[in-house]
Amino acid sequence: MTLSPATLQKIAEVIPHYPAEQARSATLPLLHLIQEDLGHIPDAAIEFVAAKLGIQPVNVYEVVTFYPMFRRQPIGRRHIKVCRTLSCALVGGYKTCAAFEAEFNTHRGEISPDGEVTVDFVECLASCGTAPVVLIDDTLHENVDCAKAKALSNQIKAEAATRK
Amino acid sequence: MPAPAERRLIFAHIGEPGYTNDLPCYLKHGGYEVLKKAVARPPAELMDEVKKSGLRGRGGAGFSCGLKWSLVDRKSGKPIYLVVNADESEPGTFKDRYIIHQDPHQLIEGIMVTCFANNVKQAYIYIRGEFPEGARILERAIAEARAANFCGPNVVGTGYSCEIFVHRGAGAYICGEETGLIESLEGKRPYPRIKPPYFPAVLGLWQCPTIVNNVETLCHVKHIVDMGGDNYAKIGTPNNTGTRLLCVSGHVKKPGYYEFEVGKVTLGELLNEVCGGPLPGRKFKAVIPGGSSAKVLKFGETFTLKNKDGTTRTLAVEDIPMDFDTLGACGTMGGSGGVIVMDDSTDIVAALANINEFYAHESCGQCTPCREGSLWMKKITGRMVHAGARAEDGALLKSVADQIAGRTICAFGEACAWPTQSFIAKFGDEFKGYAETKKTKPAEAIELV
């Protein structure tokens, strides 16, 4: 596991946000930084965080396995998170999710065959007034009906084509 | 009578063209003037203003903010912490998102007034992981405020110092429960703590006295100190003071966020006038008035409530004022202000199945009744929708729900039981006849689970 100098720098900055004797509190921030860098949390990252904060690897492992946002496995290049909860579902959230799955020929929770995306259902994204909503990586998209899902998919595909 | 006009205190500039979330814009609109005046006053006086204001927490429980502050152990010699609950996760609720994204300095000013009043030297904003943009905005706003001496060392030249740090969650609803949030902030699984003895006011973050307040609540503190607690208490209705942000979603013409004096707008006015009524050709069927944990209301049912003078009054769902007390008397709650509307196209069993899936996913697993019960409720309603319903399913669901509420460490037990209990109580016939209904279900019915 190799972390970028920028990530190591941010890790060094965030640890002093907590009292020295409470270093364990930096577990979540460190895991976020590592996942942003590596795309997921490998075993080596768990041992790294434990050593860095002076705690046992199992203390980090139990955190990684509890919180839905932390991943033990790599995902596609882009992460498409469709809100599943009631307000979005009432106005077509399930159809939106199906549209993304069809566009990338994939199933929820799997990496698409072209490696470009992972489509997931997630619970309430707290933007119910503009439902259905979708979080693609860090960007929230509102009022995503099937047509908009297709348009967003096309953008991702076009971006992928320029890379090839 | 037309619906009363909105009164925007917190959302005064939200959605306003040209209003940006940086410090210069906030200062141009009178920003941090309240903090400058507050730090020149004795902290006890500020606490008194909040007590007089009657402010009730806007996160869901509606607990008195002044009382919460007064319970803080100030004799322990340990530092006092403020933890800002920005883990907005209650389905149907989306108010704090707009404060964080569009007016972060209002929140920071509220935090700093609160910190000064309570002699807090360190505050943490616990923001849900799904708000990465919000976390960046807050971090930038804190850096701006710090550079201008509105937080950090030597606030406004007074010698008082207080740091604010942003701490991101990672996708767990239970972190909205204040003791679960504290565990999460300590770097652990967010298992809620048992109370007593772990009241945050005494044994909170790192076993130190801790105040946990919601984002909206802290913004209200700023306005209370600005106008005075007595003046603030004149807004709204008795025991339900101030304004409150209402978030409307689901089957209405104009979903969105609105701010009203508490109790001045009725549910009917809100949905029919403010939000433009039901979608074309539809009628309202059910509404959840305070986030998905609140008990559902069925259009057509009535409530007979006692008045103070001993007489009674009867309210239809449309007549219920959007406050804390009347919604409570009608068997539900104002909760977090998230109003979810369902019209007559809604498959009510599927709607409950959707909610049950949420709670089964989010139960932390610490208490057996909740861990097992939420899962079984999800399985039963899921089977009803996808595989086959039985006439006795309603009674079975009720018996599971009845064994959760009141038997868990935290209020999640009630939160996951109340939807099932209320859906069965009010729409029992639809559960009983569900197998038949499914056969005749219109093909266009929207998938909910």
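Below, chains carry the letters A, B, ... as their sequence lines are ordered, and counting in each starts from 1.
Each of B/Tyr126, B/Phe131, B/Tyr124 was checked for a ring-ring contact (aromatic ring centres under 6.0 Å, His included) with B/His167, and the lone residue meeting it is B/Tyr126. Tested against B/Arg58, the residues B/Glu88, B/Glu216, B/Glu90 include a single salt bridge (Lys or Arg N to Asp or Glu O under 4.0 Å) partner, B/Glu216. Put simply, the residue from B/Leu246, B/Val215, B/Asn214 that forms a side chain to side chain contact (heavy atoms under 4.5 Å, CB included) with B/Lys95 is B/Asn214.
Looking at B/Leu205, there are no atoms closer than 4.5 Å to chain A (heavy atoms on both sides), in backbone or side chain. At a 4.5 Å heavy-atom cutoff, the contact between B/Ile174 and chain A is made by side-chain atoms alone. Using a 4.5 Å cut-off between heavy atoms, B/Tyr191 touches chain A through its side chain atoms alone. For B/Thr346, the part lying near chain A is the side chain, with the backbone staying farther off; criterion is any non-hydrogen pair under 4.5 Å.
For the residue pair A/Glu103 and A/Ser153, no side-chain donor N or O sits within less than 3.5 Å of a side-chain acceptor on the partner. Donor-acceptor pairing under 3.5 Å is recorded for the side chains of B/Glu177 and B/Thr179.
Distance check: A/Glu101 CD to A/Cys97 SG gives 4.5 Å after rounding to the nearest 0.5 Å.
Annotation: residues 65-78 of chain A contacts chain B through A/Thr65, A/Phe66, A/Tyr67, A/Pro68, A/Met69, A/Phe70 [non-hydrogen atoms, separation under 4.5 Å]. For residues 29-60 of chain A, a heavy-atom distance under 4.5 Å to chain B picks out A/Pro29, A/His32, A/Glu36, given by residue number. Chain B is approached within less than 4.5 Å, heavy atom to heavy atom, by A/Arg84, A/Thr85, A/Leu86, A/Ser87, A/Ala89, A/Leu90 from residues 80-90 of chain A, ordered by number. Chain B is approached within less than 4.5 Å, heavy atom to heavy atom, by A/His17, A/Tyr18, A/Pro19, A/Gln22 from residues 12-22 of chain A, ordered by number.
Per-residue counts of heavy-atom pairs under 4.5 Å with chain A were compared for B/Cys175, B/Ala350, B/Ser345, B/Cys364; the largest is that of B/Cys364. Chosen from B/Ser292, B/Gly338, B/Gly129, the residue pairing most often with chain A at heavy-atom distances under 4.5 Å is B/Gly129. Across B/Glu133, B/Arg128, B/Gln122, the residue that shares the most heavy-atom pairs under 4.5 angstrom with chain A is B/Arg128. Among the candidates B/Glu186, B/Met342, B/Glu362, the residue making the largest number of heavy-atom pairs closer than 4.5 Å to chain A is B/Glu186. Contacts with chain A were tallied for B/Val449, B/Ile355, B/Val248, B/Ile340; B/Val449 has the most, counting heavy-atom pairs under 4.5 Å.
A donor-acceptor pair under 3.5 Å links the side-chain atoms of A/Thr96 to the main chain of A/Val144, judged by distance alone. No donor-acceptor distance shorter than 3.5 angstrom exists from the side chain of A/Lys95 to the backbone of A/Cys146, with no hydrogens or angles considered. For A/Ser127 (side chain) and A/Thr130 (main-chain N/O), no donor-acceptor pair under 3.5 Å exists by modelled atom type. Judged by distance alone, the side chain of A/Glu142 and the main-chain N or O of A/Val133 form no donor-acceptor pair under 3.5 Å. A donor-acceptor pair under 3.5 Å is formed between the side chain of A/Asp137 and the backbone N or O of A/His79. Side-chain atoms of A/Asp120 come within 3.5 Å of backbone atoms of A/Gly109 as a donor-acceptor pair (strictly under, hydrogens ignored). Judged by distance alone, with hydrogens and angles left aside, the side-chain atoms of B/His386 form no donor-acceptor pair with the main-chain N or O of B/Gly382 at under 3.5 Å. In terms of modelled atom types and a separation under 3.5 Å, the side chain of B/Ser293 and the main chain of B/Gly291 share no donor-acceptor contact.
In this structure, B/Tyr258 has its ring center at least 6.0 angstrom away from the ring center of B/Phe11.
In this structure the side chain of B/Leu352 never reaches within 4.5 angstrom of the side chain of B/Phe427, judged on heavy atoms.
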